[in-house]
Amino acid sequence: SYMVVGLQFNKTAGEDDQSLDLKGQSSYRPSPLQYEQSPKPVGGIIIACPHSGRYYPPELLEASRLDQLTLRRSEDAFVDILFNKAPSLGADLLVSTFARAFVDLNRSPGELDPQLIRDVLPSDLEAHSDRVKAGLGVIPRTVGEGMAIYKTQLDRHVAEARLTEIHGPWHQFIETC
């Protein structure tokens, strides 16, 4: 069984937790993470898969100039499945559900890209990191070989809402482990 931000559910053999359906996800919004605790922990090991998320929210798909298959180039595809036996071997498993193209959990919340997000101030020092300049901030501007994700710039409040909904809970969860 998995804990999904306070909810328990059982996984049946062969069932995938995250839909790979490239259409029709509009009525479903998952929790930002899935956590499976090992029944026999060994040494406090947690395997984190921050880039395995396969949920592409409707607002991302609508704002994107790319199709979902192209957006998936930023995923660490199926790494969560590669490690799905880890809990039976003594390690806990933490998996992101949202796509990396929506929010990159391995970035600082201050790595906001001024080319993508309106109202990022020059005093926002992390906005000038090499990763941000390359389009790989906390809200990525590009995927793959530098392909632009969005049709237009995003308002800062949109970026902050993503950080509040997804980035914050992920990092808060890690800090409590």
Side-chain angles (χ1 to χ4, degrees), residues 1-61 63-64 68 71-113 117 126 131 136-141 143 149 154 157-177:
S1 75
Y2 283 87
M3 181 179 85
V4 182
V5 187
L7 300 174
Q8 288 276 10
F9 69 92
N10 291 320
K11 182 178 169 184
T12 59
E15 177 184 323
D16 188 2
D17 303 331
Q18 299 179 35
S19 172
L20 296 179
D21 177 14
L22 301 182
K23 300 175 186 146
Q25 295 182 9
S26 62
S27 64
Y28 171 73
R29 190 129 181 130
S31 298
L33 60 91
Q34 294 177 344
Y35 179 69
E36 185 174 1
Q37 191 170 21
S38 174
K40 300 178 247 174
V42 177
I45 298 169
I46 299 173
I47 295 177
C49 303
H51 298 152
S52 293
R54 294 183 290 278
Y55 176 71
Y56 289 80
E59 63 266 33
L60 171 61
L61 298 176
S64 178
Q68 188 172 353
L71 287 171
R72 292 193 70 195
R73 291 182 183 189
S74 68
E75 283 179 26
D76 289 345
F78 309 113
V79 169
D80 57 325
I81 294 170
L82 180 66
F83 286 106
N84 71 357
K85 298 293 183 205
S88 67
L89 301 172
D92 295 352
L93 182 62
L94 178 63
V95 178
S96 170
T97 54
F98 281 79
R100 181 184 194 180
F102 193 62
V103 175
D104 191 331
L105 297 171
N106 273 351
R107 299 289 180 262
S108 164
E111 289 186 277
L112 296 172
D113 187 337
I117 301 165
E126 291 178 288
R131 291 186 295 214
L136 303 173
V138 67
I139 309 294
R141 175 174 38 91
V143 297
I149 295 173
L154 302 175
H157 71 87
V158 170
E160 289 171 351
R162 291 183 191 182
L163 297 178
T164 299
E165 178 186 7
I166 302 155
H167 193 276
W170 174 269
H171 289 277
Q172 290 166 3
F173 189 85
I174 289 174
E175 287 182 23
T176 64
C177 291

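Computed from a predicted model, the values in this text were never measured in an experiment.
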Spatial distance of atom OG (Ser96) from atom CG (Asp76) [nearest 0.5 Å]: 10.5 Å
Checking Leu163 against Val138 for the side chain to side chain contact (heavy atoms under 4.5 Å, CB included) test, could you report, in this order, the C-alpha distance in whole Å, the side-chain angles of both residues, the deciding distance, and whether it holds? CA-CA 8 Å; Leu163 297 178; Val138 67; 3.5 Å; yes
Contact summary for Pro32 and Glu165, nearest pair of heavy atoms: CG-O, 3.5 Å
For Pro169 versus Leu33, what's the shortest heavy-atom pair and its separation? O-CD2, 3.9 Å
Contact summary for Thr97 and Gln34, nearest pair of heavy atoms: CG2-CG, 3.7 Å
Identify the heavy atoms of Leu93 and Asn84 that sit nearest to each other, and give their distance. CD2-CA, 3.9 Å
Flag the pair Arg162 and Glu59 as a salt bridge only when some basic side-chain nitrogen lies within less than 4.0 angstrom of an acidic carboxylate oxygen. no
In Å and rounded to the nearest 0.5 Å, what is the CG to CG distance from Leu71 to Leu61? 6.5 Å
Within a radius of less than 6.0 Å around CZ of Arg131, do more than 12 heavy atoms belonging to other residues, nucleotides or ligands occur? yes
In this structure, CG of Leu60 is separated from CD1 of Ile149 (nearest 0.5 Å) by 7.0 Å
Within the distance-only criterion (no hydrogens, no angle test), does the side chain of Ser108 pair as donor or acceptor with the backbone N or O of Gly110 below 3.5 angstrom? yes
Aromatic ring proximity Tyr56/Phe102, centre distance under 6.0 Å: no
Side-chain touch Ser52/Phe78, heavy atoms, less than 4.5 angstrom: no
Measuring from Ile46:CD1 to Ile174:CD1, what's the distance to the nearest 0.5 Å? 7.5 Å
Exam field: side chain His167 to backbone Glu160, donor-acceptor pair closer than 3.5 Å: no
Backbone N or O of Ser38 within a donor-acceptor pair of the Asp92 side chain at under 3.5 Å? yes
Does some side-chain heavy atom of Arg100 sit less than 4.5 Å from a side-chain heavy atom of Arg107? yes
Show your working on side chain to side chain donor-acceptor pair (under 3.5 Å) between His51 and Asp104 and close with a plain yes or no. CA-CA 7 Å; His51 298 152; Asp104 191 331; 2.7 Å; yes
How many angstroms lie between atom CZ of Phe83 and atom CG of Leu89, to the nearest 0.5 angstrom? 11.0 Å
Contact between Leu105 and Ile166 at the side-chain level, heavy atoms closer than 4.5 Å - yes or no? yes
Which atoms form the tightest heavy-atom contact between Pro140 and Ala101, and what is the distance? CD-O, 3.7 Å
I'd like to know whether Glu175 forms a side chain to side chain contact (heavy atoms under 4.5 Å, CB included) with Trp170, so could you lay out the CA-CA distance, the side-chain angles of the two residues, the decisive distance to 0.1 Å, and finally the verdict. CA-CA 9 Å; Glu175 287 182 23; Trp170 174 269; over 6 Å; no
Enter the distance from His171:NE2 to Asn106:CG here, rounded to the nearest 0.5 Å. 7.0 Å
Between Asp80 and Cys49, which heavy-atom pair has the shortest distance, and what is it? CA-SG, 3.9 Å
